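Since the structure comes first, as structure tokens, the remarks are kept for the end.
Quantities reported herein were computed from a predicted structural model and do not represent experimental measurements.
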Amino acid sequence: MSRERLLAALVEAGRKHGNTTVMFHTAVSARMGLGMTEEKTLDLLRRLGPLAAGEIAEHSGLTPASVSGLIDRLERKGFVRRTRDTEDRRRVIVEIRNDGIAGFGALFEDLVRGLEELYATYTDEQLELILDFLRRSAEVQRAATAGLG
């Protein structure tokens with residue numbers, strides 16, 4: 001395949017991957033009673049642990065004003081709580097309320113199982129290349145998101 005055709009195929013595959021990802025997380029979010037941005041913020045907090053609002057903005061690419069309203073909504077719905085930083089009492093930390101998200105892991109079981117089966121079809125070297133691409137493309141997308149704010 002020529003490079004031009006390969007790049008076009010990558011663009012198309014990336015669009016398809018992005019669409020299916022958005023649709024999956026839209027369905028999960030609806031089952032959780034959340035908007036997709038709220039669900040992805042919970043994912044961010046699960047992966048990175050408690051964060052200040054500014055850190056959520058930094059990691060998500062969202063504006064600080066958007067993050068403030070987002071935290072308010074998640075707190076009202078019982079998914080997060082605000083706590084004072086023990087070292088800097090002026091700083092507020094957002095943390096997940098585990099009782100608020102209990103049972104939601106089951107929504108991801110089929111996806112996780114399918115991905116594990118897919119990963120098993122690749123060599124370690126291929127997985128390292130895929131991992132590099134995913135990390136780097138996520139940074140490109142995060143920067144593009146921040147540029148929209």
Side-chain angles (χ1 to χ4, degrees), residues 10-149:
L10 279 169
V11 167
E12 184 60 30
R15 291 178 74 181
K16 184 176 181 180
H17 184 268
N19 287 341
T20 58
T21 299
V22 167
M23 296 306 172
F24 175 79
H25 286 285
T26 298
V28 167
S29 299
R31 292 279 300 272
M32 295 172 73
L34 297 170
M36 191 169 42
T37 304
E38 295 166 337
E39 185 256 329
K40 294 313 294 175
T41 300
L42 290 176
D43 177 61
L44 186 66
L45 292 168
R46 295 249 334 164
R47 287 185 295 111
L48 302 178
L51 299 169
E55 293 169 322
I56 293 171
E58 181 181 313
H59 287 289
S60 67
L62 298 171
T63 65
S66 296
V67 169
S68 181
L70 175 65
I71 294 167
D72 288 343
R73 291 190 308 276
L74 287 170
E75 190 172 41
R76 275 194 307 272
K77 293 176 181 183
F79 290 102
V80 301
R81 69 177 142 257
R82 288 177 166 103
T83 59
R84 293 276 175 207
D85 187 323
T86 56
E87 295 177 19
D88 180 353
R89 302 292 296 162
R90 296 168 296 173
R91 188 168 182 245
V92 175
I93 303 294
V94 180
E95 61 185 21
I96 288 182
R97 291 184 50 185
N98 288 324
D99 58 321
I101 63 166
F104 289 135
L107 298 173
F108 295 90
E109 287 176 358
D110 289 342
L111 176 63
V112 169
R113 186 173 27 266
L115 288 174
E116 287 171 348
E117 291 170 6
L118 177 61
Y119 298 154
T121 67
Y122 293 98
T123 66
D124 288 352
E125 293 79 19
Q126 289 170 322
L127 290 172
E128 287 175 12
L129 180 63
I130 293 166
L131 178 61
D132 177 64
F133 172 80
L134 288 172
R135 286 178 173 160
R136 292 170 66 186
S137 65
E139 183 52 35
V140 168
Q141 195 163 26
R142 190 211 59 75
T145 302
L148 294 173

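Summarising the geometry, atom NE2 belonging to His25 is positioned 9.5 Å from atom OG1 belonging to Thr20; distances are rounded to the nearest 0.5 Å. Between Arg46 atom CZ and Leu44 atom CG the span is 12.5 Å, to the nearest 0.5 Å. Rounded to the nearest 0.5 Å, atoms CD (Glu12) and CG (Leu10) are 11.0 Å apart. Taken from CG in Leu74 to CD1 in Ile101, the straight-line distance is 11.0 Å, to the nearest 0.5 Å. For the atom pair CG (Leu129) and CG (Leu134), the distance works out to 9.5 Å, reported to the nearest 0.5 Å. The structure places CG of Leu62 at 9.5 Å from CD1 of Ile56, a figure rounded to the nearest 0.5 Å.
The side-chain hydrogen bond (donor to acceptor under 3.5 Å, both in side chains) pairs that include a residue from residues 94-112 are Arg81-Glu95, Arg97-Asp99, Asp110-Arg113, where partners are two or more places apart or lie in different chains. Applying the salt bridge (charged side-chain N to carboxylate O under 4.0 Å, His left out) test to pairs two or more places apart or on separate chains, those with a residue in residues 63-76 are Glu38-Arg73, Asp72-Arg82, Glu75-Arg82. Sorted by first and then second residue, the salt bridge (charged side-chain N to carboxylate O under 4.0 Å, His left out) pairs with a member in residues 55-66 read Glu55-Arg91; sequence neighbours excluded.
Side chain of Thr121 to main chain of Leu118: a donor-acceptor pair is present (N/O by atom type, distance under 3.5 Å, no hydrogens or angles).
The side-chain hydrogen bond (donor to acceptor under 3.5 Å, both in side chains) test applied to Arg47 returns Asp43, not counting sequence neighbours. Considering only residues two or more places apart in sequence or on other chains, Gln126 meets the side-chain hydrogen bond (donor to acceptor under 3.5 Å, both in side chains) condition with Thr123. Partners of Glu139 by side-chain hydrogen bond (donor to acceptor under 3.5 Å, both in side chains), not counting sequence neighbours, listed by chain and number: Arg142.
Taking 4.5 Å as the limit, some side-chain heavy atom of Val80 sits within range of a side-chain heavy atom of Leu42.
A pairwise comparison of heavy atoms in Ser29 and Gly35 identifies OG-O, 3.7 Å as the closest pair. Here the closest heavy-atom approach between residue Arg31 and residue Phe104 is recorded as O-CE2, 4.4 Å. The shortest non-hydrogen separation linking Ala52 to Ile93 is N-CD1, 4.2 Å. Across every non-hydrogen atom of Ile71 and Ala53, the tightest pair is CD1-CB, 3.7 Å. The two atoms that bring Phe24 and Leu107 nearest to each other are CZ-O, 4.0 Å, heavy atoms only. Taking all atoms of both residues into account, the shortest heavy-atom contact from Thr145 to Ser60 is CG2-O, 3.8 Å.
Atom CZ of Phe108 has more than 12 neighbouring heavy atoms from other residues, nucleotides or ligands inside a 6.0 Å radius.
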